Structure formats: structure tokens, C-alpha cells
J.: 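Please find one structure pasted underneath; my questions will follow.
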Amino acid sequence: MAFTVQAEIKKNVLLLRMHGELDHHATEKIREELLNLMEEHDITHLVLNLAELEFMDSSGLGLMLGRYKHLQKKNGSMIICAISEPVKRLFEMSGLFRIMIIESSEDQALMRLGVA
Amino acid sequence: MNNEAIFKFRSISENEAFARMVVASFIAPYDPTIGELTDLKTVVSEAVTNAIIHGYNGSHDQWVYMTLLMEENVLTIEVKDEGIGMNDIEEAMQPLYTTKPEMERSGMGFTIMEHFMDAVEVTSIASKGTTIRMSKHLASVQAECH
């Protein structure tokens with residue numbers, strides 16, 4: 001299944017709802033668009049809702065790590081919500097679990113950032 | 001039931017999803033668990049992505065070769081390219097090591113393959129290409145009596 005992403009901006013928070021399969025092909029397609037969107041709206045915090053994400057590999061980890069480093073420079077944060085077991089394992093393996101904030105739902109993530 | 005299938009496809013990123021579907025279809029008759037299916041799709045995705053990005057450096061008109069072999073209850077996956085090859089395999093297999101940080105590669109590909117498979121063997125010759133051969137014992141497959 002192809003990868004699609006639905007974006008919503010709330011103040012300086014970008015919420016991304018990811019659908020389908022996030023692999024190298026998908027990351028190449030969305031990276032630039034994502035960077036432009038973050039630049040244009042002066043985004044400081046990123047919330048990724050992975051509830052509908054069916055597959056992810058190390059290319060997805062690379063994309064997330066890239067955005068994390070980017071936001072860190074702006075003292076921003078990245079919150080991952082509705083993470084599946086397979087994606088959680090990749091996070092654990094790569095150490096991303098230690099640096100990212102994990103919330104069970106999108107609402108909780110937005111509440112944490114004060115934009116619910 | 002033993003089985004073997006050989007595929008050859010172009011080095012374009014669309015074929016990462018194709019290769020994942022191929023491995024899922026190949027093992028479907030063996031009733032794999034959801035976990036096994038996810039693991040195998042992930043390792044195939046990593047190996048094919050490596051061939052496309054690193055082996056062929058993004059060049060689209062090359063061939064990636066994939067062989068799937070099911071023997072008793074062991075699945076062996078071989079992914080081969082005829083690209084640039086690697087000088088130091090051990091270094092390439094280190095977690096978080098990548099030659100392409102500018103492309104936001106995580107350097108986790110080999111670590112994931114080693115984690116999800118029982119055995120991973122990499123052979124590479126500079127300017128000749130790289131072959132990744134990995135195998136996994138599938139718990140869901142009942143060994144047949146012969």
C-alpha cells in the first residue's frame with residue numbers, strides 16, 4: 001500500500017497522520033515537502049500519529065531522526081503516538097525510544113503541547 | 001514442501017514495495033505468523049534498499065536479484081547487486097554506521113537484518129557487487145515427514 005500523510009497545523013505544532021508503508025521510496029517523496037512545510041509555518045514541535053502506519057523500515061527511522069535533530073536546534077520536541085509493536089521494536093533497536101516522547105494517543109500528544 | 005523462486009528487477013525505489021510483496025506471497029502458503037511476516041518484509045526492504053542506494057548509488061537502470069528458498073522450515077533470502085561493493089563489510093554492519101548521512105540514512109539496516117534473521121552473511125567485492133544471504137527458521141512451518 002502506498003504511503004500518504006495527512007498534515008494539520010496548530011500554532012507551531014505540525015501534526016502528521018501517516019498511512020501505509022514508510023520506506024526509502026516514501027521518505028524520498030515526502031522529505032522536501034515536509035521540510036518546506038516546517039520552514040513556512042515556523043514549526044517547533046512535531047506530532048506523528050502512527051495509528052494507520054502499516055509498515056516502516058530503517059528509512060523511516062532516518063527520516064524521524066533527521067526531523068528530531070532539526071527540531072532540537074529550535075528547542076522543539078517530537079512526540080510519537082499510537083506506535084505499533086513492530087515500529088516500537090525498531091525504535092528500541094536504534095535508541096530512538098530513549099530520545100523521543102511517546103504518547104498513547106494524538107489527543108494526549110496535543111494536550112502535552114498545549115494545543116489540544 | 002520445498003520451494004524456490006528467483007526474481008530480477010530494476011534498481012528503482014518502487015521495487016522495494018514489490019520485493020516486500022514478493023516475499024509475503026512466497027511464504028503465504030506456509031501460514032506464517034503476523035510477526036514473521038513483518039520481520040521478513042522488513043529485512044527484504046532493508047536489503048533491496050541497500051542495493052539501490054548503496055550498491056547502485058541511485059542509478060535506476062541496473063538489476064537487483066532476489067532468490068527465495070524454502071527448505072524444510074528454513075527460509076533463505078538472497079539479495080544481490082552488481083554495484084560498487086564494499087571495502088569494509090564489518091564497518092558497514094556496525095549499528096548507526098552510514099556512508100550517506102546527508103540522505104538521512106539511519107545506519108540501522110544491517111542491525112535490523114541481524115536482529116530479525118537467524119543468520120546473515122554478506123559477501124562483497126569492490127566494483128563487482130554485494131550479496132546478502134540471510135536465513136530464518138520459521139516456527140509456524142511444520143516440517144513434513146518424508
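Protein chains get the first letters and strands the later ones, always in sequence-line order, with residue 1 at the start of each. Just so we're clear, the structure is a prediction, and the values are computed from it rather than from any experiment. These numbers come from the heavy atoms of this one structure, side chains and all, not from hydrogens, waters or symmetry mates.
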J.: Tell me the closest heavy-atom pair linking R31(A) and M103(B), and the distance in Å.
T.: NH2-O, 3.5 Å
J.: Is M113(B) linked to V74(B) within one hydrophobic cluster, defined over Ile, Leu, Val, Met, Phe, Trp and Tyr using a side-chain heavy-atom separation of less than 4.5 Å?
T.: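 Cluster IDs for M113(B) and V74(B) differ.
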J.: Taking all non-hydrogen atoms of both residues into account, name the closest pair between G66(A) and E104(B) and its distance.
T.: CA-OE2, 3.6 Å
J.: Do NZ/NE/NH1/NH2 and the carboxylate oxygens of D39(B) and R89(A) come within less than 4.0 Å?
T.: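 Looking at D39(B) and R89(A), the cut-off is met.
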J.: Which atom names give the shortest non-hydrogen contact between D23(A) and S45(B), and what distance separates them?
T.: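 Of all heavy-atom pairs spanning D23(A) and S45(B), the closest is CB-OG, 4.2 Å.
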J.: Tell me whether the count of non-hydrogen atoms from other residues, nucleotides or ligands lying under 6.0 Å of NZ in K11(A) goes above 12.
T.: no
J.: Among the clusters formed by ILVMFWY side chains lying less than 4.5 Å apart, do Y65(B) and I84(B) turn up in the same one?
T.: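 Shared cluster, no.
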J.: At a 4.5 Å cut-off on heavy atoms, which part of I112(B) comes close to chain A: side chain, backbone, both, or neither?
T.: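 Its backbone and side chain both get close to chain A.
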J.: Does a sphere of radius 6.0 Å around CG in N36(A) hold more than 12 heavy atoms from other residues, nucleotides or ligands, not counting ones at 6.0 Å or beyond?
T.: yes
J.: Members other than I79(A) in its cluster, when Ile, Leu, Val, Met, Phe, Trp, Tyr link by side-chain heavy atoms under 4.5 Å?
T.: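 The other cluster members (ILVMFWY side chains, heavy atoms under 4.5 Å, direct or chained) are V13(A), L15(A), V47(A), I101(A), L110(A), L113(A), V115(A).
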J.: Checking an interface table here. Which of residues 88-95 of chain B come within a heavy-atom distance under 4.5 Å of chain A?
T.: none
J.: If you count heavy atoms of other groups shown closer than 6.0 angstrom to CD of E33(A), is the number above 12?
T.: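 No, the 6.0 Å shell around CD holds no more than 12 heavy atoms from other groups.
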J.: Measure the CE-OG1 distance between M56(A) and T38(B) for me, rounded to the nearest 0.5 Å.
T.: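 Result: 13.0 Å between the selected atoms.
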J.: Under 4.5 Å between side-chain heavy atoms, counting indirect links through other Ile/Leu/Val/Met/Phe/Trp/Tyr residues: same cluster for I12(B) and F9(B) or not?
T.: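 In one cluster: no.
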J.: Does K74(A), at its NZ atom, have more than 12 non-hydrogen atoms belonging to other residues, nucleotides or ligands within less than 6.0 Å?
T.: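 Result for NZ/K74(A): enclosed.
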J.: Side-chain heavy atoms nearer than 4.5 Å, only ILVMFWY residues, links allowed to pass through others: does that put F55(A) and I52(B) together?
T.: no
J.: Going from CE on M108(B) to CE on M93(A), what distance comes out if it is rounded to the nearest 0.5 angstrom?
T.: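 If I round to the nearest 0.5 Å, the distance is 6.5 Å.
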J.: Counting only heavy atoms not in E102(B), do more than 12 sit closer than 6.0 Å to its CD atom?
T.: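 Buried by this count: over 12 neighbours within 6.0 Å.
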J.: Please look at L63(A) and chain B and tell me whether the side chain, the backbone, both or neither of the residue comes under 4.5 angstrom of a heavy atom of that chain.
T.: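 Backbone plus side chain of L63(A), per the 4.5 Å heavy-atom cut-off to chain B.
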J.: With respect to chain B, which residue among G62(A), S58(A), G95(A) yields the maximal number of heavy-atom pairs within a distance under 4.5 Å?
T.: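 Going by pairs under 4.5 Å, I would pick S58(A).
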J.: Non-hydrogen atoms of chain A under 4.5 Å away: do they reach the side chain of I53(B), the backbone, both or neither?
T.: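 Interface part for I53(B): side chain.
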J.: For a 4.5 angstrom cut-off between non-hydrogen side-chain atoms, does S59(A) reach T49(B)?
T.: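 Heavy-atom side-chain distance check passes, below 4.5 Å.
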J.: Please name the residue in the list D57(A), L61(A), L90(A) that meets the side-chain contact (heavy atoms from CB on, under 4.5 Å) test with S106(B).
T.: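 Result: among D57(A), L61(A), L90(A), L61(A) is the only option passing the side-chain contact (heavy atoms from CB on, under 4.5 Å) with S106(B).
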J.: Applying the 4.5 Å side-chain criterion to the ILVMFWY set and letting contacts propagate, would M134(B) and V122(B) be lumped into a single cluster?
T.: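 The answer is yes; both residues are in one hydrophobic cluster.
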J.: May I ask you to check whether E16(B) and H24(A) show a side-chain donor-acceptor distance below 3.5 Å?
T.: yes
J.: So for atom NE2, which belongs to H115(B), do other residues, nucleotides or ligands contribute more than 12 heavy atoms lying within a distance under 6.0 Å?
T.: no
J.: Would you call E21(A) and R20(B) a side-chain contact if the rule is heavy atoms closer than 4.5 Å?
T.: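 Of all side-chain heavy-atom pairs linking R20(B) with E21(A), at least one is under 4.5 Å.
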